[in-house]
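Reviewing the structure listed below.
Below, chains carry the letters A, B, ... as their sequence lines are ordered, and counting in each starts from 1. Keep in mind that the numbers below use all heavy atoms, side chains included, and drop hydrogens, waters and symmetry copies.
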Amino acid sequence: MSVFKEYLSIIQIQLEVMAGAGELPPGLDFGRVSVEPPREAAHGDVSTNAAMVLAKPAQTNPRALATALAARLGRAEGVVSAEVAGPGFINLRLAPEVWRAELGRALEARERYGDTDHGTGKAPVNVEYVSANPTGPLHVGHARGAVIGDALAALLEKAGYTVLREYYINDAGAQIDKLAFSTFARYLEALGEALTEESFAARFPGMVWEYRGEYLAPVGAALARSHGAALKNAPPETWLPVVRDFAVAAMMALIKDDLAALGIRHDVFTSERAIVAAGKVDEALTALEGAGHIYTGVLEPPKGMVLDDWEPRPQTLFRATAFGDDVDRPLMKSDGTWTYFAADIAYHWDKARRGYLDQIDVWGADHGGYVKRMKAAVSAVTVGKGALDVKLCQLVNLLERGQPVRMSKRAGNFVTLREVVDEVGKDVVRFMMLTRKNDAPLDFDLAKATEQSLDNPVFYVQYAHARAYSAARHAKEAFPELDLSLAALCAADLSRLDHRGELDLIRSIAGWPRQVEMAADAHEPHRLAFYLFELVAAFHSHWSKGNAEPNLRFVVPGDRALTLARLALARGVATVIASGLKVFGVAAVEELR
RNA sequence: GACCCCGUAGCUCAGCUGGAUAGAGCACCUGCCUUCUAAGCAGGUGGCCGCAGGUUCAAAUCCUGCCGGGGUCGCCA
């Protein structure tokens with residue numbers, strides 16, 4: 001339990017007492033009462049809005065209620081002072097022991113510090129991310145969704161939720177046929193029959209050679225090795241299913257390798273084709289039909305757009321408008337096969353049926369137009385019990401010293417995720433992807449990402465972690481026999497930490513559990529990056545005070561007890577950094593090179 | 001035309017489930033290395049929070065309407 005939650009509960013108890021004494025009407029809802037650090041540190045340690053949110057329902061004025069409550073809180077354990085301020089805030093100043101005790105808890109918890117039971121007992125959460133089409137290697141845009149999804153999953157787990165990480169393989173549809181044809185071209189090439197764009201078009205009328213990248217060459221060669229020339233002169237009907245499966249398997253292997261290089265893992269890979277083949281689309285849609293959410297109708301063309309080939313046509317439609325969407329959405333193509341949306345409904349229905357009513361999808365921003373209908377669908381298939389949150393990831397602008405790196409997927413020379421990871425390392429890629437909120441565009445400068453300076457937040461944070469351990473190494477020189485085990489640090493006399501900068505640092509550390517909870521509630525892992533940045537800045541700042549005032553250094557020759565206490569503080573900072581970096585999947589190093 | 005995202009310091013962005021005097025980095029200016037890592041720190045300059053209304057004790061935050069940038073728009077995935 002964080003310090004803030006602890007005092008929230010103390011405040012609630014005092015409010016109950018006041019209600020019992022007739023000072024407040026019975027049955028008030030304390031749900032909006034919050035306890036947080038005041039914006040200005042000068043105002044105190046923790047602040048509550050209790051009087052302001054309860055004044056109206058209690059039919060009193062905020063300052064009067066605040067005064068009465070503050071009088072009681074002033075007598076609570078650990079409270080040094082309780083003051084009414086502004087329109088009715090109550091600012092509490094807590095005894096240093098309260099904060100020092102929290103530092104002790106952080107040390108004992110180690111990387112698990114900040115873990116909460118916030119999500120314990122709640123519905124398990126399904127986080128779906130990456131879900132790139134298996135038609136080629138991942139590029140940097142995919143990396144963003146991958147990292148955000150992975151970090152969000154870890155964050156939710158830290159907050160006590162049960163989480164399943166899932167990847168939806170879009171292995172059905174026209175794109176996959178194009179992949180198969182493109183692979184077949186490479187197969188012919190491997191057999192000595194290199195195609196040109198013209199000969200490809202002549203041989204496969206109506207099909208374009210979509211995926212021209214070199215990465216399919218080894219797949220074509222492997223196909224030639226395993227099937228020889230057997231497919232060479234067969235008609236497409238014969239080889240298509242074979243090549244399709246072969247190519248998809250090869251692409252998924254490629255993608256999983258790319259993900260592994262980034263340290264991303266999934267618990268479950270679900271195939272779109274398997275969903276369709278298992279009849280789940282029919283099942284899901286039958287359920288929707290039974291509920292009256294499906295009908296045959298004619299859609300209006302979108303206004304303000306020119307669509308030459310628009311023909312009004314009766315279609316099978318999902319009544320998405322009943323669930324907040326703008327128009328009803330088609331489920332069946334004119335050739336009688338399901339639309340992508342229909343399969344996706346079945347997929348989300350399947351997730352819900354597996355027990356995941358709480359679903360999160362991480363998508364690229366180009367899918368923004370799809371959000372409402374999918375939320376509508378989840379709402380419909382779960383009969384209102386489920387909820388879908390969609391995190392849209394904006395573009396990543398890849399830069400090299402401020403200049404855009406050209407990316408052209410068509411020419412087949414787009415910058416792959418693998419290239420970027422090889423150049424700057426997975427930790428850097430991961431952290432950088434989390435330094436912006438998902439719906440803001442992200443500039444990713446390859447040169448800055450490897451710089452060791454304040455420009456590079458990854459370095460700045462890791463540097464602080466390394467510094468904390470560096471202090472311990474130096475302490476070993478001053479006190480060769482000093483026991484620096486975690487147990488010894490936990491047993492340190494923390495009351496020696498009484499400098500303002502030290503107490504500020506402890507308060508920052510103590511804010512970590514609250515940050516985790518807020519970030520988890522908002523489904524926004526990037527918030528932790530900003531918090532870590534602030535914590536680390538405070539640490540560097542305090543550290544540097546030792547330059548001018550040697551008595552503030554972490555290692556104080558001649559005072560082993562003080563040194564031990566300060567090393568405990570440094571370790572506390574390192575603990576929170578490690579705890580945060582673990583959520584991000586980034587290594588916390590003890591030494592920089 | 002509709003829908004979604006964005007608009008905060010010269011630049012890149014936090015803050016947005018309403019709270020006190022709106023923050024950080026970069027850039028620019030001024031300081032600090034016989035030193036536990038100066039790979040850093042301290043200070044300064046810099047704001048009609050896109051515009052206009054509304055709700056509220058309280059609005060950068062919520063609502064409405066505009067303006068500007070991006071994305072998407074039946075049988076692509």
Side-chain angles (χ1 to χ4, degrees), chain A residues 32 34 36 38-40 43 47 49 52-53 55-56 61-63 85-89 91 131-133 135 170 172-176 272 298-305 307 309-313 315 317 325-327 329-337 339-341 343-344 364-372 390 392 394-395 435-443 448 451-457 459-460 463-464 466-467 470-475 477-478 518 521-522 526-527 529-530 533-534 537 540-548 550 553-557 563 566 570 591-592:
Chain A
R32 290 182 58 217
S34 67
E36 41 192 65
R39 185 171 306 213
E40 293 291 328
H43 290 148
S47 174
N49 64 353
M52 286 182 291
V53 299
K56 188 172 270 187
N61 74 74
R63 298 235 9 149
F89 288 102
N91 295 323
S131 298
N133 293 349
T135 54
N170 298 135
Q175 297 304 319
I176 296 302
E272 178 186 355
V298 180
L299 286 179
E300 295 287 318
K303 290 190 167 65
M305 274 191 76
L307 290 174
D309 57 346
W310 181 274
E311 280 176 48
R313 177 177 31 241
Q315 302 182 94
L317 299 173
D325 200 357
D326 309 304
V327 290
R329 305 292 180 174
L331 298 170
M332 195 174 277
K333 304 182 203 169
S334 54
D335 66 1
T337 61
T339 58
Y340 179 80
F341 181 48
D344 219 2
D366 55 338
H367 291 63
Y370 201 75
V371 173
K372 278 192 180 181
V390 179
L392 292 180
Q394 279 291 344
L395 287 180
T435 55
R436 287 280 173 275
K437 65 182 169 207
N438 58 283
D439 47 17
L442 171 69
D443 288 341
K448 277 189 181 172
E451 239 170 56
Q452 297 201 327
S453 76
L454 193 50
D455 278 355
N456 181 354
F459 162 76
Y460 191 62
Y463 180 36
R467 261 190 164 171
S470 160
R473 286 192 293 272
H474 283 274
E477 290 166 18
M518 290 194 303
D521 278 346
H526 79 274
R527 293 189 186 208
F530 285 89
F533 202 81
E534 276 174 30
H540 286 310
S541 171
H542 184 69
W543 177 284
S544 296
K545 288 197 184 102
N547 288 338
R553 293 182 188 180
F554 281 79
V555 177
V556 187
T563 298
R566 288 184 174 170
E591 205 167 353
L592 289 173

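- When rounded to the nearest whole Å, the span between NE2 of A:His542 and P of B:rA42 equals 12 Å.
- For B:rC33, the O4'-C1' to base torsion is within 90° of 0; the nucleotide is therefore syn.
- Taking a pair to require two hydrogen-bonding distances under 3.5 Å in either a Watson-Crick or a G-U wobble arrangement, B:rG68 pairs with B:rC6.
- Residue A:Ala478 is classed as having no contact, given no heavy-atom separation below 4.0 Å to the nucleic acid.
- As judged by a 4.0 angstrom heavy-atom cut-off over every strand, A:Arg553 is placed among the base-contacting residues.
- When the C1' atom is used for both B:rC11 and B:rC73, the distance is 34 Å, rounded to whole Å.
- In this structure, of B:rA14, B:rU37, B:rC3, it is B:rC3 that holds the atom nearest to the side chain of A:Lys372.
- Once the 5.5 Å centre distance and the 30° plane angle are applied, the aromatic ring of A:Phe533 is found not to be stacked with the base of B:rA24.
- Here, B:rG44 and B:rA14 have their C1' atoms 22 Å apart, quoted to the whole Å.
- In terms of heavy atoms, A:Gln315 sits closest to A:Pro330 at OE1-CB, 3.6 Å.
- Rounded to whole Å, the separation between the C1' atoms of B:rC48 and B:rG74 comes to 46 Å.
- At least one donor-acceptor pair under 3.5 Å links the side chain of A:Arg63 to the backbone N or O of A:Gly86.
- Between the A:Asn133 side chain and the A:Asn170 main chain, no donor and acceptor come within less than 3.5 Å of each other.
- Atom-to-atom, NE2 of A:His474 to C1' of B:rU35 comes out at 10 Å; the value is rounded to the nearest Å.
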Quiz item: Could you write nucleotides 55-69 of chain B as a row of B, S and -, 5' to 3', where a protein heavy atom under 4.0 Å of any base atom gives B, of only sugar-phosphate atoms gives S, and otherwise -?
Solution: -SB--B---------
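- Within 4.0 Å of A:Ser541, counting heavy atoms only, lie sugar-phosphate atoms of the nucleic acid but no base atom.
- Remark: A:His526 is in phosphate contact with B:rG15, judged by side-chain N or O atoms under 4.0 Å from OP1 or OP2.
- The gap from the C1' atom of B:rG68 to that of B:rC26 amounts to 25 Å, rounded to the nearest Å.
- Taking the six-membered ring where the residue is Trp, A:Tyr370 and A:Phe341 present perpendicular rings, their angle passing 60° and hence far from 30°.
- Between the A:Ser541 side chain and the A:Ala537 main chain, no donor and acceptor come within less than 3.5 Å of each other.
- Searching all strands for a Watson-Crick or G-U wobble partner of B:rC16 with both distances below 3.5 Å returns nothing.
- Of the side-chain N and O atoms in A:Tyr460, one or more sit less than 4.0 angstrom from OP1 or OP2 of B:rC41.
- Once rounded to the nearest 0.5 Å, the distance linking CG of A:Asp344 with OG1 of A:Thr339 reads 9.0 Å.
- Nucleotide B:rG25: paired with B:rC11 (Watson-Crick or G-U wobble, both distances less than 3.5 Å).
- Sequence order on RNA chain B of the closest nucleotides to A:Asp326 and A:Asn49 puts A:Asp326 first from the 5' end.
- Using a 4.0 Å heavy-atom distance criterion, A:Val371 is classed as making no nucleic acid contact.
- A:Arg527 has its CZ atom 9 Å from the C1' atom of B:rU17, to the nearest Å.
- Using Watson-Crick or G-U wobble geometry with both donor-acceptor distances under 3.5 Å, B:rC32 finds its partner in B:rG40.
- Taking atom C1' in both B:rU45 and B:rA60, one finds a spacing of 23 Å when rounded to whole Å.
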Quiz prompt | Worked check of ring-ring contact (aromatic ring centres under 6.0 Å, His included) between A:His474 and A:Phe554 | solution = CA-CA 9 Å; A:His474 283 274; A:Phe554 281 79; over 10 Å; no
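- Comparing the C1' positions of B:rG40 and B:rU35 gives a spacing of 12 Å, expressed to the nearest Å.
- No engagement by A:Pro550 is indicated, since no non-hydrogen atom pair under 4.0 Å with the nucleic acid exists.
- Heavy-atom minimum distance, A:Pro62 versus A:Pro87: CB-O, 3.4 Å.
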Exercise. Could you encode protein contacts along nucleotides 70-77 of chain B as a string, one character per nucleotide from 5' to 3', using B for base contact, S for sugar-phosphate-only contact and - for no contact, with a heavy-atom cut-off of under 4.0 Å?
Key: -SSBBBSB
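- Nearest heavy-atom pair, A:His367 versus A:Leu392, reported as atom, atom and distance to 0.1 Å: C-CD2, 4.4 Å.
- Rounded to whole angstrom, the span from the CZ atom of A:Arg473 across to the P atom of B:rU37 amounts to 8 Å.
- Side chain of A:Arg467, nearest nucleotide from B:rG40, B:rG23, B:rA14: B:rG40.
- Counting non-hydrogen atoms under 4.0 angstrom, A:Ser47 reaches a base of the nucleic acid.
- Between A:Asp325 atom CG and B:rA2 atom C1' the separation is 11 Å, expressed in whole Å.
- For CZ of A:Arg473, the number of neighbouring non-hydrogen atoms (other residues, nucleotides, ligands) closer than 6.0 Å is greater than 12.
- Atom CD in A:Gln394 sits 11.0 Å away from atom NZ in A:Lys437 (nearest 0.5 Å).
- For B:rU55, there is no paired base (Watson-Crick or G-U wobble, both distances below 3.5 Å).
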Self-check item: Working for side chain to side chain contact (heavy atoms under 4.5 Å, CB included), residues A:Arg566 and A:Val556
Solution: CA-CA 9 Å; A:Arg566 288 184 174 170; A:Val556 187; 3.4 Å; yes
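- Remark: the separation of the P atoms in B:rU61 and B:rG19 is 10 Å, to the nearest Å.
- Remark: P of B:rC6 and NZ of A:Lys437 are 6 Å apart, rounded to the nearest angstrom.
- Remark: ring of A:His43 overlaps the six-membered base ring of B:rA20 in a stacked fashion, centroids less than 5.5 Å apart, planes less than 30° apart.
- Nucleotides B:rC57 and B:rA20 have their C1' atoms positioned 13 Å apart, rounded to a whole Å.
- The distance between atom CZ of A:Phe530 and atom C1' of B:rC13, rounded to the nearest whole Å, is 6 Å.
- Using a 4.5 Å cut-off on side-chain heavy atoms (C-beta onward), A:Phe533 and A:Thr435 make no contact.
- Between the CD atom of A:Glu300 and the P atom of B:rG1 there is a distance of 18 Å, given to the nearest Å.
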